[in-house]
Amino acid sequence: MGYEEAGRDRSAEPSSGVPAAVLENVFDDPTHGEPGRDRIGVHLWWELLLLAGLAAVSWLLWQEDPSAVRDGNLRTLLIDAVGLGLLVLAAGLSLRTAAPNLAVGPIAVAAALHYAEQGDRGLPASIGPAVAVAAVGGLALALAVVVLHVPGWAASLAGAAAVVVFIERRSAPVLVQGDYDPTGSAGYLFAGFAAVAVLGGLFGAVRTIRRLVGRYRPIVDPARRRGVVAAVVAAVALVVSTVLAALAGVLLAANDPGPVAPTSGLDWTVLAIGVALLAGTSAYGRRGGVFGTLLAVGLVTVFQVYAPERGWTLSNWVVGGAALGIGLLATRLVETLGRPRPGSPERIEPVSDGTISSGWTMPQPQPVDNWPPTLPTQAAPQPVDPWRDPRWEDGPRRWDTDER
């Protein structure tokens with residue numbers, strides 16, 4: 001059971017006619033990729049819209065209740081943003097590698113329930129087992145995805161079902177037993193999340209890193225394997241995704257004064273995937289922005305605080321569904337406008353055999369049958385009948401002149 005596609009190690013020139021050395025420098029996938037480099041400008045314009053939306057909703061919240069963004073309420077708001085942000089990072093990382101993890105929501109709820117039950121044993125003793133189990137589960141999910149080469153969403157949905165079975169063993173909400181209060185370090189936690197989100201976006205904008213991270217993205221037949229490197233990257237992303245989801249669940253449980261309800265957590269999956277798409281991450285993988293995750297998380301978090309101030313009761317299903325719908329439009333936008341511009345200097349147009357970049361066509365060598373070349377054989381001249389010569393027809397006749 002090999003990972004390499006048939007023909008991946010061939011040294012022959014691609015069908016486009018562009019030399020392989022050139023393809024290695026300009027293609028996102030040298031073997032089957034699209035010529036040129038992705039355009040980041042569309043992501044920056046989209047992120048300007050997200051920034052405008054965040055500023056507008058924050059101003060509306062300030063007008064409605066200024067105390068919601070002050071002192072303790074502000075610290076609680078920041079921790080909520082970090083918890084949601086970790087969940088969005090988990091979903092976004094799996095999306096960038098074209099192996100979406102739909103189990104992030106149930107994993108977060110399961111980790112929150114574990115922390116609520118074991119929190120009185122101390123932070124390391126309660127968080128450590130949750131993270132370890134999440135890593136092992138992520139590894140099992142990764143092996144199922146890359147060894148069987150099945151879609152990540154399908155395998156993770158099966159994993160989500162298994163986690164939901166674990167959650168349903170609790171019949172009632174669980175009060176948090178620990179006394180850890182994350183609001184005391186809200187500023188540091190938010191700064192750390194912001195740094196990870198922005199640095200991840202910056203590294204993802206580098207062509208070589210983006211090509212590496214998105215190598216699992218299908219090019220032709222989705223059922224064909226994308227190689228060992230693609231399988232390893234997708235596996236690592238799935239493991240990291242499950243660990244981030246577990247940390248998000250612990251943080252959200254510690255920040256909520258109420259009990260942790262044993263829900264399926266699929267609403268959190270919809271919310272996380274929706275916010276990741278809203279941030280500008282492509283649902284097809286590989287493409288994504290720089291500041292989009294930070295801005296989208298801030299926008300949704302502030303909106304979830306603003307909605308109750310206006311008397312709106314909106315669940316995660318509603319907010320996540322709306323974000324998912326807008327995010328799908330964003331995916332179409334970045335996939336359409338993020339491609340290399342036709343005719344741009346960074347795009348190498350396919351050339352036909354025998355044609356060089358200046359437009360001149362070089363003659364193709366023809367097979368030589370014999371040497372030296374012989375002149376073409378001319379047709380034998382036809383015999384001319386002297387009595388049919390036109391001068392006998394048209395010239396003046398002597399006897400006619402004498403008669404005159």
Quick one, F166 with H114, criterion ring-ring contact (aromatic ring centres under 6.0 Å, His included). Give me CA distance, side-chain angles, the key distance, then yes/no.
CA-CA 11 Å; F166 169 80; H114 174 81; 8.2 Å; no
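Formation of a donor-acceptor pair under 3.5 Å by the R121 side chain with backbone atoms of S126 is not found in this model. Put simply, the side chain of T242 never gets that close to the backbone of I107: no donor and acceptor are under 3.5 Å apart. Of the possible polar contacts, one joining the E47 side chain to the F291 backbone as a donor-acceptor pair under 3.5 Å is found. Checked by atom type and distance alone, the side chain of S94 pairs as donor or acceptor with a backbone atom of A91 at under 3.5 Å. Proximity of a side-chain donor or acceptor of H43 to a complementary backbone N or O of G292 within less than 3.5 Å is not detected. Side-chain N or O atoms of T97 include none that pairs as donor or acceptor with a backbone N or O of A234 at under 3.5 Å. Side chain of R75 to main chain of A186: no donor-acceptor pair is present (N/O by atom type, distance under 3.5 Å, no hydrogens or angles). Side-chain atoms of W46 come within 3.5 Å of backbone atoms of L278 as a donor-acceptor pair (strictly under, hydrogens ignored).
The residue from V240, V239, V233 that alone fulfils the side chain to side chain contact (heavy atoms under 4.5 Å, CB included) condition with V236 is V240. Exactly one residue among V104, V196, L84 makes a side chain to side chain contact (heavy atoms under 4.5 Å, CB included) with L89. That residue is V196.
A perpendicular orientation is assigned to the rings of Y306 and W312, their planes being inclined by more than 60° (bins at 30° and 60°).
The stretch residues 172-195 participates, sequence neighbours left out, in no salt bridge (Lys or Arg N to Asp or Glu O under 4.0 Å) pair at all.
Comment: E335 engages R217 in a salt bridge, judged by a side-chain N to carboxylate O separation of less than 4.0 angstrom.
Using a 3.5 Å distance cut-off with no hydrogens or angles, the side chains of T336 and R332 do pair a donor with an acceptor. For the residue pair T301/D80, the side-chain donor-acceptor check at 3.5 Å is not satisfied.
T331 contributes atom OG1, which lies 4.5 Å from atom CG of L277 (distance to the nearest 0.5 angstrom).
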